[in-house]
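As structure tokens, the structure follows; a few thoughts come after it.
Source: prediction; values computed, not measured. One-based numbering along the sequence shown.
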Amino acid sequence: MIVVHHTGNPQDDDLSAEEINESHQTQGWVCIGYHYVIRKDGTVEIGRPDWAVGAHAYGKNSHTIGVHVCGNFEIGEPTAAQIESLAMLLANICTDYDLPIDRESIVGHRELMPTACPGKNLYAQMDTIVGKASFYAAQ
């Protein structure tokens with residue numbers, strides 16, 4: 001399963017994987033909890049290696065990949081570049097791990113536990129993003 005997250009800080013920020021890593025280490029974690037980070041300009045940065053268990057969805061980490069989309073999508077909107085990069089990344093991950101490209105395999109964090117994550121404005125686009133991922137995988 002792939003779990004989609006947002007930053008959720010008070011500002012609609014654009015933190016790098018390195019900055020998130022430093023924040024998570026300050027909290028006592030080994031390293032960044034997410035496997036991928038998608039910046040506002042659509043750049044995909046590597047977080048934890050895929051082979052390492054993530055720290056992004058309590059009780060679900062052992063069988064999930066965590067994708068962090070930078071921003072607070074309770075107050076801001078994901079950029080078009082982020083949406084396209086997320087869809088392409090999801091297509092690649094699903095292809096690599098032989099996962100179906102559907103809403104059972106690709107979820108927002110809020111679908112696993114009580115949280116606003118990945119924010120209402122990103123969550124509202126999840127069906128479209130999964131559809132785009134399916135399109136990209138077929139290319």
Side-chain angles (χ1 to χ4, degrees):
M1 181 183 298
I2 304 166
V3 184
V4 177
H5 300 268
H6 76 148
T7 310
N9 288 341
Q11 299 81 24
D12 186 28
D13 50 19
D14 187 28
L15 301 174
S16 68
E18 183 178 330
E19 290 171 308
I20 296 168
N21 183 59
E22 289 170 6
S23 172
H24 286 183
Q25 287 179 325
T26 300
Q27 297 174 52
W29 299 6
V30 172
C31 65
I32 186 171
Y34 312 107
H35 297 93
Y36 297 94
V37 174
I38 301 177
R39 305 291 299 275
K40 295 272 187 193
D41 68 359
T43 300
V44 177
E45 297 180 353
I46 304 298
R48 269 187 200 210
D50 282 359
W51 53 262
V53 174
H56 59 92
Y58 185 76
K60 307 291 183 181
N61 292 312
S62 66
H63 62 278
T64 59
I65 297 285
V67 177
H68 174 93
V69 183
C70 292
N72 180 339
F73 303 122
E74 285 294 304
I75 60 173
E77 293 284 341
T79 67
Q82 285 178 308
I83 296 299
E84 294 306 314
S85 290
L86 177 57
M88 287 186 261
L89 178 61
L90 294 172
N92 288 337
I93 295 169
C94 287
T95 299
D96 290 349
Y97 288 92
D98 199 27
L99 293 171
I101 302 175
D102 61 24
R103 291 289 282 115
E104 290 184 26
S105 297
I106 302 168
V107 300
H109 189 195
R110 67 173 57 186
E111 293 174 78
L112 302 178
M113 59 198 55
T115 177
C117 186
K120 64 185 177 189
N121 297 324
L122 178 56
Y123 187 74
Q125 297 185 57
M126 289 293 292
D127 289 342
T128 299
I129 293 163
V130 171
K132 286 175 176 276
S134 184
F135 170 80
Y136 286 128
Q139 299 309 303

Is a side-chain N or O of [X] found less than 3.5 angstrom from the main chain of [Y], in a donor-acceptor match?
X	Y	result
T64	K60	yes
T26	E22	yes
R39	D14	yes
N121	E77	no
N61	H56	yes
H24	G33	yes
N72	E74	yes
Q82	D41	no
Q139	Y136	no

For a quick test of reading the model, state the closest non-hydrogen atom pair linking [X] to [Y] and the distance between them.
X	Y	result
L15	E19	CA-OE1, 3.3 Å
A91	A133	CB-O, 3.3 Å
I2	C94	CD1-SG, 3.7 Å
C117	H5	SG-CA, 3.4 Å
G108	P118	CA-CD, 3.9 Å
A137	I101	CB-CD1, 3.3 Å

* Is there a donor-acceptor contact under 3.5 Å linking the side chains of N92 and T95? -> no
* **Between D50 and Y36: side-chain donor-acceptor atoms closer than 3.5 Å** =>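 Yes.
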Return the [atom1] to [atom2] distance between [X] and [Y], rounded to the nearest 0.5 Å.
X	Y	atom1	atom2	value
T79	L86	OG1	CG	10.5 Å
L99	L90	CG	CG	10.5 Å
Q11	I75	CD	CD1	7.5 Å

Single-linkage hydrophobic cluster [X]~[Y], side-chain heavy atoms < 4.5 angstrom:
X	Y	answer
I129	I106	yes
V107	V69	no
L89	I46	yes
V4	M88	no
M1	Y34	no

So do the side chains of [X] and [Y] get within less than 4.5 Å of each other, counting heavy atoms only?
X	Y	result
C70	V37	yes
T7	H68	yes
K40	D12	yes
I83	L122	yes
F73	P78	yes

* H6 ring center near Y123 ring center (under 6.0 Å) ->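 When the ring centroids of H6 and Y123 are compared, they turn out to be at least 6.0 Å apart.
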* Would you find more than 12 non-hydrogen atoms of other residues, nucleotides or ligands less than 6.0 Å from Q25 atom CD? ->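 Atom CD in Q25 is packed in, count exceeds 12.
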* To do: Verify the neighbour count for atom CD of E104: are there more than 12 heavy atoms of other residues, nucleotides or ligands below 6.0 Å?
  => no
